Amino acid sequence: MQRALALGMVVAIGVLLVFTVSTNLLPFGSFPSRQIGENFDNSIGQQILENAPQQTGAANVVTSVVWGYRGYDTLGEATVLFTAVVGVVMIFRAFGRRE
Amino acid sequence: MILEVLIIIFCACLICALRAALGPTAPDRVVAIDALVVLMISALVLLGVYYRAPIYLDVALVYAFLAFLGTLAIAKYLEGRGIET
Amino acid sequence: MAGMTVIVRTIARLLFPFTFLFGAYIVLHGHLTPGGGFPGGVIIAASVVMLLLAYGIERAQKRMGLLQAEVLESIGGVAIVVLGLFGLLLGAFFLQNVFPLGDLGQLFSAGNLPLLYLGVGIKVTAGIILIFYAMLFAFREEKE
Amino acid sequence: MIPHAPILAILLPLFAAFLMPVVGILARRRGIKRAREWFAIAAVLAELVIVASMLPAVVGGQVLVYQLGGWQPPWGINLAIDGLNLLVALIVVGISALVAIYSFVYMERDTGLDQYYTLFLLILAGMMGVTLTGDIFNLYVFFEIMCISSYALVAFRRNWQSIEASIKYMIVSSLGTSFILLSVALLFGQVGSLNIGDLMQKFGGVVPSTLIVPLGLFMTGFGIKIAMVPLHMWQPDAYQAAPSAVAALFSGATTTVGIYAMVRVVYMLFGILGVGMILAGLGLVSMVLGAFMALVQRDLKRLLAYSGICQLGYILLGIGLGTTLGIQGGLFHLFNNAIYKTMLFMIAGTIIYQVGTSNMDKLGGLWNNMPVTAMAFMIGALAISGVPPMNGFASKWTIYVAGIEEGQYVFTIIALVVSALTLAYFLKAFNSIFLGQRPKHLKNVKETPISMLIPILLLAALCLVFGVLPHLGIELVRPAQEAVMNSGGYISAVLGGV
Amino acid sequence: MLWGNEAIPMAKGSLFVAFICLWLAWIALTGSLNPQELGVGAIVAAFVAVISYKLLFHGGMREKFEPKRWGYALAYVPAYIWAELKAHASVIYRILHPRMPIKPGIVRVPTKLRSDFGITGLANAITMTPGTLSVEVNEEEPSLYVHWINVEAVEPEQTSRQIAWPFERFLRRIFR
Amino acid sequence: MSLDLLIQNAMLVFLFVLCLIAIELKDLLYSVIVLAGASITLAVVFFMLQAPDIAITQAAVGAGVTTVLFVIAISRTRRKE
Amino acid sequence: MIEIIAYILLGIGAFCAIVGSIGIVRFPDVYNRIHANTVVVVGGAIVMLLGASVLEGLSSYTLKILIIAFFIFLTNPVSAHAIARAAHKSGVKLWRRSVVDKLEEEKP
Amino acid sequence: MDLNYIFAMLLVALGIYCLLLKRNLIKIIIGLAVLTDGIHLFLISIGYRLGGTAPIVSGEMFSDLPGFAAHAVDPVPQALVLTSIVINICILALALSLAIYAYRHYGTLDPSKIRRLKE
């Protein structure tokens with residue numbers, strides 16, 4: 001019974017998601033005019049593409065997003081890795097607790 | 001021409017995946033996935049040539065270096081002596 | 001005899017420096033070609049894992065021990081924060097790019113981005129190796 | 001205000017966490033005792049100073065915007081601090097400081113304190129990041145830091161309960177964070193922006209109905225984190241299995257941050273879609289179910305966990321009502337809930353520390369052994385059930401009045417009944433722990449150590465202060481309430497310029 | 001046999017040779033002769049060489065540069081390609097034939113090679129020619145156990161001549 | 001539909017099928033092996049979507065870390081589901 | 001001229017790849033399948049890489065593709081050997097019509 | 001035909017299915033990996049431009065930056081996915097360690113059985 005309920009939920013979520021992405025998004029491959037609203041060709045990505053080589057001096061624009069425009073995210077990412085490492089080391093720390 | 005070769009590679013991948021799905025034992029599947037990985041490496045290289053950008057080839061190089069790690073780990077597990085020795 | 005057969009050991013021995021070099025290449029060219037700190041660090045860590053699989057954990061630990069990895073990870077994290085603080089001290093904001101930008105496409109370009117990638121590379125290398133060591137050391141004393 | 005205070009508030013715990021393994025190694029080499037504890041406490045207190053220094057500017061109605069790396073908001077990430085952010089940040093830092101002082105003695109019997117304090121500082125950094133950021137993907141990243149460190153902290157003791165609870169928590173919560181990521185992706189695909197202020201401006205009062213799926217996913221994701229009722233199953237196990245200091249931190253700070261994220265993203269971003277009533281309804285369900293489940297518990301920590309679900313219901317009800325009074329009451333209750341829930345978990349921790357169990361069947365008659373603790377528990381119990389001279393009464397009364405003003409009599413009556421139920425099960429708990437027959441082996445139980453008693457008494461005093469002078473509390477949450485009601489200032493501050 | 005084997009004295013030149021090899025690899029990877037790239041490459045290659053030169057080479061450096069060995073190495077390439085072609089033709093025939101005329105089995109192939117690189121080179125060459133696959137190595141009395149898709153002989157001398165000889169006659173002069 | 005897109009969509013179907021196989025197989029080791037194949041297929045799809053950065057990260061992670069981690073976990077626990 | 005050579009190499013590679021993968025499906029046991037795998041690797045992938053490297057003449061592609069081919073050539077036999085050894089040690093039997101199994105007889 | 005979006009969402013649904021219905025911890029973790037893979041695929045597909053090039057200046061594009069900007073795909077989702085992949089790996093590592101530890105103490109990987117041991 002529980003399994004049937006879960007299966008139904010999964011199917012419902014899947015149908016909902018597929019319906020959403022196939023109707024509400026612009027067609028695949030139409031990047032610069034993605035925004036709701038009037039300013040087409042003015043999306044964030046397009047402006048970054050135009051300005052990044054001069055502003056950051058990196059040939060790889062993804063890099064200039066990763067450590068330039070969104071560098072703080074990447075700091076968070078490094079912290080996530082640190083957290084996971086500390087967690088794993090904590091779980092497998094030496095046996096024999098002092099009680 | 002490159003794209004047609006890619007389609008043939010894709011068909012070969014499909015056939016390999018058939019063995020990966022059927023294979024009665026673990027080594028069978030590992031062999032099939034190994035062949036698939038190598039075929040995908042050549043597909044990556046051909047795509048890099050098709051897009052005319054030599055820097056794309058780094059991706060294929062990564063797989064050329066690291067593809068055998070997983071196989072090695074599985075082989076060590078199947079030998080039954082533990083991974084760490 | 002620990003580890004795999006002589007074939008695996010020889011090839012791992014041969015491949016280790018080149019994999020390490022390739023990882024360093026990926027890290028240092030992150031601002032010019034695809035790649036960056038994380039994949040490069042993972043590749044360097046994978047080169048150590050390769051030795052680990054071929055020779056066993058004791059010999060891999062001679063290359064990089066547990067304590068070294070822990071300290072290196074801290075150093076990587078501190079390096080990133082300190083580089084960010086440079087931007088705060090010399091410029092106006094945290095993580096601001098205050099170093100000279102250089103010419104587009106050269107190795108010495110893009111200000112502090114390659115340095116940040118270097119910090120991430122060190123951190124990721126140490127972190128992944130530490131995860132592997134921790135998981136492999138677990139419950140060893142139970143077995144013996 | 002300390003210059004660069006917003007970013008320093010996040011960087012300080014982060015930096016301290018990065019340094020903590022080195023400090024641990026050095027302390028072990030040199031034989032310095034308690035180096036890690038002092039280091040962590042110093043870091044948290046410095047953090048408290050930094051956050052408090054932002055108070056005057058924000059109370060004056062200013063929205064502090066900090067652009068990271070000097071990039072303009074829609075392209076780069078910014079930190080934006082209005083009244084709501086600052087209220088939550090203050091709660092988080094205050095609770096963390098008290099928990100750090102509390103765990104000085106409480107955790108001394110455990111091994112792996114290096115990792116404990118590192119994870120403690122990391123969860124603090126994650127909570128501050130979620131609280132202060134103005135970017136929705138960045139919120140996800142720091143939320144993930146918070147979640148990962150909390151999985152690890154739940155499993156800290158590594159007994160069978162905690163491993164099981166941690167696995168359960170992790171599976172459920174990973175689903176939640178994946179939902180958050182998916183809905184960030186959908187939002188980015190449909191609207192093309194990640195900045196919260198920019199998104200608010202793009203919607204401009206007309207949220208397209210095609211965004212209903214991201215909304216639902218956001219609600220599910222944050223709802224899992226704050227243990228809203230259909231998604232609450234992980235919470236009692238996790239709170240029971242975690243060390244009490246960690247449970248106090250979770251119930252006081254982490255839940256607050258989750259509610260903040262819910263309010264900021266779901267309520268303020270999608271508010272026009274009529275989310276308020278859905279939130280209020282869910283709050284009502286949480287309230288009733290939490291109260292009834294708490295009635296039958298025999299374990300003090302599980303009881304507290306269920307009562308936390310119950311109190312969450314009040315907060316959601318207050319905010320969901322959407323009127324000035326309702327939001328005021330909800331936020332005030334958020335503040336009060338953090339205070340007394342942390343205190344109650346700390347008391348449960350002291351009982352475990354001194355006696356070794358939190359099962360109420362095995363306890364009894366501890367009044368003579370630990371009178372101060374008993375008094376503090378009494379204050380907390382009265383506060384949580386909304387008895388007049390305590391702070392819980394003030395906030396609950398505000399919510400009732402807001403409900404009656406809005407015409408939602410049913411909501412108010414149910415809330416009143418649940419309040420009575422809360423009093424009932426807390427009196428039962430008090431009775432079976434501190435009064436009644438004392439088992440023989442509990443004869444030599446001592447009073448709580450002084451360093452654990454300080455945070456408890458501080459929180460008890462706060463309960464009394466805000467109960468006697470409720471307008472103080474209302475004044476405290478007024479900037480936050482204004483920030484929730486009026487998002488125009490936020491938008492113009494974020495997008496207006498440097 | 002293991003790395004860092006202290007029994008074999010390290011020649012002074014091995015660090016330098018490792019450095020040159022790694023630097024060449026760096027130049028091949030970057031594909032440019034920009035002085036910045038060369039400088040950074042030298043630093044990185046020196047670092048990697050210092051931490052890993054004991055892994056790369058054993059023994060003295062002088063004998064590694066005898067021109068005779070390199071001549072044999074060059075002559076090995078066409079012979080190897082010829083062996084590959086023959087093996088491919090045979091295995092493709094076996095795959096495509098409707099009745100699959102295979103006669104598989106594992107045979108023992110003794111070898112006279114002694115060094116690590118020699119055994120490894122032989123085993124890899126055997127594996128990389130379709131139709132033969134080295135399954136196990138016996139390190140005490142060097143011999144390979146080879147899975148052969150079409151067993152023609154079982155006796156060690158004959159198998160050695162049929163499977164290993166085309167490669168071994170070059171490899172024993174290249175690697176000793 | 002151009003040939004380029006056709007190959008890409010075929011790869012997507014292939015990826016989905018591999019993931020399905022990986023989830024439905026009863027032996028965990030088999031699942032992990034097939035998941036490695038799915039990982040490289042995903043890398044190729046990223047590559048065809050002009051994201052070599054992501055492809056390289058996925059390649060490094062899928063080839064170097066994930067498989068070995070899973071195999072370690074399986075060797076420490078049980079293989080059959 | 002160069003292009004024709006390249007296309008011939010690519011064609012041979014594609015043919016070998018598809019034949020090898022058919023072999024992986026058709027052959028009866030693991031060890032024989034590894035032979036087919038070798039056909040895929042050497043005859044298929046490496047020949048195709050050589051074809052791709054001559055396709056553009058001598059340019060910056062060539063060196064890198066040759067490096068890729070070299071490392072595939074170095075690592076793939078190792079994994080084939082390791083997996084064959086593991087299969088034999090973990091008790092995967094040879095095909096029932098196999099002629100001889102010296103390893104089983106002279107087990108060290 | 002937005003096959004990319006649809007298949008990404010199918011992967012997500014497959015992951016959720018595995019997460020909710022499978023009775024094995026490691027299988028659940030595999031499902032988590034599949035789920036995040038689907039989200040990554042979706043994010044990358046959002047930023048695609050038909051006939052575009054990668055957002056990396058190389059070769060002859062150094063002299064033609066406006067042309068590069070008119071042809072490259074969106075770099076922002078790629079940066080997001082880069083972050084997300086790292087997070088995914090971290091959760092994977094932590095989850096696998098917990099699963100190993102749980103197996104050592106319970107002798108089972110079935111989460112429902114672990115729960116039943118308690119009562």
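Computed from a predicted structure; not experimentally measured. All chains are named by letter (A, B, ...) in the order of the sequence lines, taking the proteins before the strands, and each is independently numbered beginning at 1.
Ranked by heavy-atom pairs under 4.5 Å with chain F, the first of H:Val73, H:Val81, H:Leu10 is H:Leu10. Between chain F and the residues H:Val86, H:Ile89, H:Asn88, the most heavy-atom pairs under 4.5 angstrom are made by H:Ile89. Of all the listed residues (F:Val65, F:Leu49, F:Asp4, F:Leu69), the one sharing the greatest number of non-hydrogen pairs under 4.5 Å with chain H is F:Leu49.
Heavy atoms of H:Leu41 lying under 4.5 Å from chain F belong to its backbone as well as its side chain. Neither the backbone nor the side chain of H:Ala8 comes within less than 4.5 Å of any heavy atom in chain F. The contact between H:Ile85 and chain F is made entirely by side chain atoms (from C-beta outward), counting heavy-atom distances below 4.5 Å. Interface remark: F:Leu25 contributes backbone atoms only to the contact with chain H (heavy atom separation under 4.5 Å). With a 4.5 angstrom heavy-atom cutoff, F:Met48 touches chain H only via backbone atoms.
Remark: H:Ser84 pairs with H:His40 by the side-chain hydrogen bond (donor to acceptor under 3.5 Å, both in side chains) rule, at least two apart or across chains.
The backbone N or O of F:Gly37 lies less than 3.5 Å from a partner atom in the side chain of F:Thr41, making a donor-acceptor pair.
The shortest side-chain heavy-atom distance between H:Asp74 and H:Arg49 does not fall under the 4.5 Å cut-off. No side-chain heavy atom of H:Leu96 sits less than 4.5 Å from a side-chain heavy atom of F:Arg76.
Residues H:Gln78 and F:Asp53 share a closest heavy-atom pair of OE1-CB, 4.5 Å.
Applying the ring-ring contact (aromatic ring centres under 6.0 Å, His included) test to pairs two or more places apart or on separate chains, those with a residue in residues 46-81 of chain F are B:Tyr56-F:Phe47.
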